[in-house]
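A quick write-up on the structure given underneath.
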2 protein chains.
Amino acid sequence: MDNTFAPPLKKSRAKPAPARVTIRTVAEDAGVSVSAVSKVLRNAYGVSDGLRARVMASIEKLDYRPSASARGMRGQSYTLGVLLTDIRNVFFAEIMEGINDTLAPTPYQPLLGVSQLRRRVERSLVDAIIDRQMDGLILVAPRMPLPEIEDVAKRLPTVVIGSHPAGTSRFDTVNNDDILGGEAVVDYLNGLGLRRITFFTLTEPDDDDDENTVMMHRERGYVSAMTRLGLDVNIERAAHDTVAEAARRLVASKDRPEAIFCWGDAWALRVISAATDLGVRIPQDIRVVGYDNNQYCELAQNSLTSVDQSGRELGKQAARLLIERIEGRREPYHFTVTPSLIVRNSTGG
Amino acid sequence: MDNTFAPPLKKSRAKPAPARVTIRTVAEDAGVSVSAVSKVLRNAYGVSDGLRARVMASIEKLDYRPSASARGMRGQSYTLGVLLTDIRNVFFAEIMEGINDTLAPTPYQPLLGVSQLRRRVERSLVDAIIDRQMDGLILVAPRMPLPEIEDVAKRLPTVVIGSHPAGTSRFDTVNNDDILGGEAVVDYLNGLGLRRITFFTLTEPDDDDDENTVMMHRERGYVSAMTRLGLDVNIERAAHDTVAEAARRLVASKDRPEAIFCWGDAWALRVISAATDLGVRIPQDIRVVGYDNNQYCELAQNSLTSVDQSGRELGKQAARLLIERIEGRREPYHFTVTPSLIVRNSTGG
DNA sequence: TGACCTGTATGTATCGTTCTACGTATAACC
DNA sequence: GGTTATACGTAGAACGATACATACAGGTCA
């Protein structure tokens, strides 16, 4: 404060830097202690209205913003990580909007990582999120095997969207009832008098424990309904980079199915493309159903019947559960949304 | 270390916590100073191979990961913020992939913020990015007015994709040559013998200084080519939530244009939808052109002629420029990619 | 009156790094 | 052999917040 009597001090006075506004600056300006300001910031217990007002005024006046890095060191960073596998999947956009809806009035900021469907990247993003002392994590349709997710959940509060882990566990889940959705599609198609229904889905990656994916659950719904109705189960699989040709083969084949039920809208659009290209008419010659009810379904050139699962709602709930968990809840909670079928022209609707 | 003689110490021995692995743990294990470890981490000057090896071994063995929060306090956080306006626009996915391509071999991690096209949210995300001491920022098609961007660029290294600021400035830009792209479309259509070409674009928001948006530049390209060819300029505008009806009106109108050139693919798909719905044939009755060449263009039901601008390349370059800037470059650099027209059936290609 | 709360404010140790300044060998030069 | 570089390490002060322990009024109650 007063270096009046200390001439040879290395670099004391007249520091040219504009001097960042810190919690200390605010404290001085308001004439209170640093701790008091900190308390106001976290709205912790034991602050009088007068003090709060004074501090708030200074914060406003100085345009002070707390440093998340510094906060992260001892307390919370007020940042939540959201891990998406694939930014191209427009359905995820809805989930994001839901997350934003819930988080907007809170002090938490969501930041996204995009894994591009690669395990390696996914893992390194999770690490990055932990390294940055984020307060919580939302995994959307993760590729990681269950034990790994549980491991992550041990390190920070976690909520998973779009994965149906078998046993109980240490994290929350938010899902649409994919089995029910799968069944509903089959029942609807059968109600139209159709019997030769093929399920078109993703080739499972090498690992065994993928009982949890949404594709797998939709498949189970399909199988169970087909079996119940006494119909032949028929499943066609393709990898991400071979969808187009597989769709073409499927549509062009001699014993073309009466209907194709695709695990997701993106694949259904490919089927429509193949049919259009080959002159196979929809819905007269073949019916197509998707899943997700994304924004492209309603375009007239697609007019795709699809299962709506309200991504926005999924996102909202996930964020809500995560905050609850951050605030102390320990028992896992599993939230399920009931899907609904939206009928359009691709099934003659 | 030895509390042998201090019985009433509050909570001294046998701390049950698993004790986080910090730089100190590593230093002890490797038998060197904390500073030495830090130097290895940052591969700073003055570290012998032997020391580096020893430290690396300990890091590996202990599975140590530096805390980004702590780093952020004095040095870099090795985190880059990427700000997207709209996660639904699949074109942005490509940009993201490009960014990841460049960043993968570096120690930097990109984290995304999504502004949902709202100014408010955009601003608060930029603040969040600054608060988290991120090392740099990539803005994709920002809504912020230029002065505000320049203000941000003063606080941290910034690169902007998809905005053409007028004068020189304190940040880098990466763009496709939208004027050229706009001209190319008109020239191509005119080459097919068409003269009544309408440009279908977004209603400008209330603010005046939006000379910089990509829509605006595409429009300028359109206008300049039309004028040069002596054709009548015709521009149709709509807001985001009225595209569908505007497209319908446009397609249904008595003096329907011979071709519609849309500022982006998403809008072109809407035009195709309207045409399909109204029984107006493409390309016989009307031709449609988009911009971005996103993944839906090639589907047969769309088969949309579009301008390709290689989002991936844009992303790559942006990340490269940003790192250069973080490492000290000061003069602004402006990178431009030349777009190319991909002809498909929607123009009779 | 003294013991014990309760509500409010403060002082200070601490989080895990990086950075500046400095010390000590070893090599290089004349 | 003495000076001067150069390479390699270390000590210790930041960085900006939070958490914990404590201080101090004023009130309540035996």
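A note on names: the letters A, B, ... follow the listed sequences, proteins ahead of strands, and every chain is numbered from 1.
Note on A:Tyr64: a side-chain N or O is less than 4.0 Å away from OP1 or OP2 of D:dA17. The side chain of B:Ser38 places an N or O atom within less than 4.0 Å of a non-bridging phosphate oxygen (OP1 or OP2) of C:dT18.
Checked against D:dA17, D:dA11, C:dA9, the side chain of A:Lys39 finds its nearest nucleotide in C:dA9. Of all nucleotides listed (D:dT10, C:dT8, D:dT18), C:dT8 comes nearest to the side chain of A:Ser48. Counting only heavy atoms from C-beta on, A:Ser33 has its side chain closest to C:dT10 among D:dG16, C:dT10, C:dA9. Comparing atom distances between the A:Val47 side chain and each of C:dA9, D:dA19, C:dT17 picks out C:dA9 as nearest. Here D:dG16 is the nucleotide among C:dT17, D:dG16, D:dT10 with the atom lying nearest to any side-chain atom of A:Ala70.
Ionic pairing of B:Arg118 and B:Glu122 is not present here: no N-O contact between side-chain nitrogen and carboxylate oxygen is shorter than 4.0 angstrom. Under a 4.0 Å N-O distance rule, the pair B:Arg329/B:Asp172 qualifies as a salt bridge.
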Determine whether B:Val140 and B:Ile95 satisfy the following criterion, side-chain contact (heavy atoms from CB on, under 4.5 Å), listing intermediate values before the conclusion.
CA-CA 9 Å; B:Val140 182; B:Ile95 293 182; 3.9 Å; yes
Tell me, with the steps shown, if B:Phe171 and B:Lys154 meet side-chain contact (heavy atoms from CB on, under 4.5 Å).
CA-CA 9 Å; B:Phe171 54 86; B:Lys154 255 182 263 176; over 6 Å; no
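The nearest whole Å value for the distance from the CD atom in B:Glu28 to the P atom in D:dT10 is 13 Å. Distance, A:Arg54 CZ to C:dT8 P: 14 Å, rounded to whole Å. Spacing between atom CG of B:Leu51 and atom P of C:dA25 amounts to 17 Å, rounded to whole angstrom units. Put simply, CG on B:Asp49 is 8 Å from P on D:dC8, counting in whole angstrom units. Rounded to an integer number of Å, the gap from CE of A:Met73 to P of C:dT18 is 11 Å. Nucleotide D:dA14 holds its C1' atom 4 Å from the CZ atom of B:Arg74, rounded to whole Å. Regarding B:Tyr45, its OH atom lies at a distance of 8 Å from the P atom of D:dT6, rounded to whole Å. When rounded to the nearest whole Å, the span between CZ of A:Arg42 and C1' of D:dC20 equals 11 Å.
In terms of position along DNA chain C, the nucleotide closest to A:Ala36 lies nearer the 5' end than the nucleotide closest to the other residue of the pair A:Ala36 and B:Leu41.
Not a single donor-acceptor contact under 3.5 angstrom links the side-chain atoms of B:Arg71 to the base of C:dT17. In the interface, the side chain of B:Ser35 is paired with the base of D:dA11 through a donor and an acceptor atom under 3.5 Å apart.
Residue A:Thr22 is classed as a sugar-phosphate contact, given heavy-atom separations below 4.0 Å to backbone atoms only.
Shortest non-hydrogen contact noted between A:Glu94 and A:Gly311 is OE1-N, 3.4 Å.
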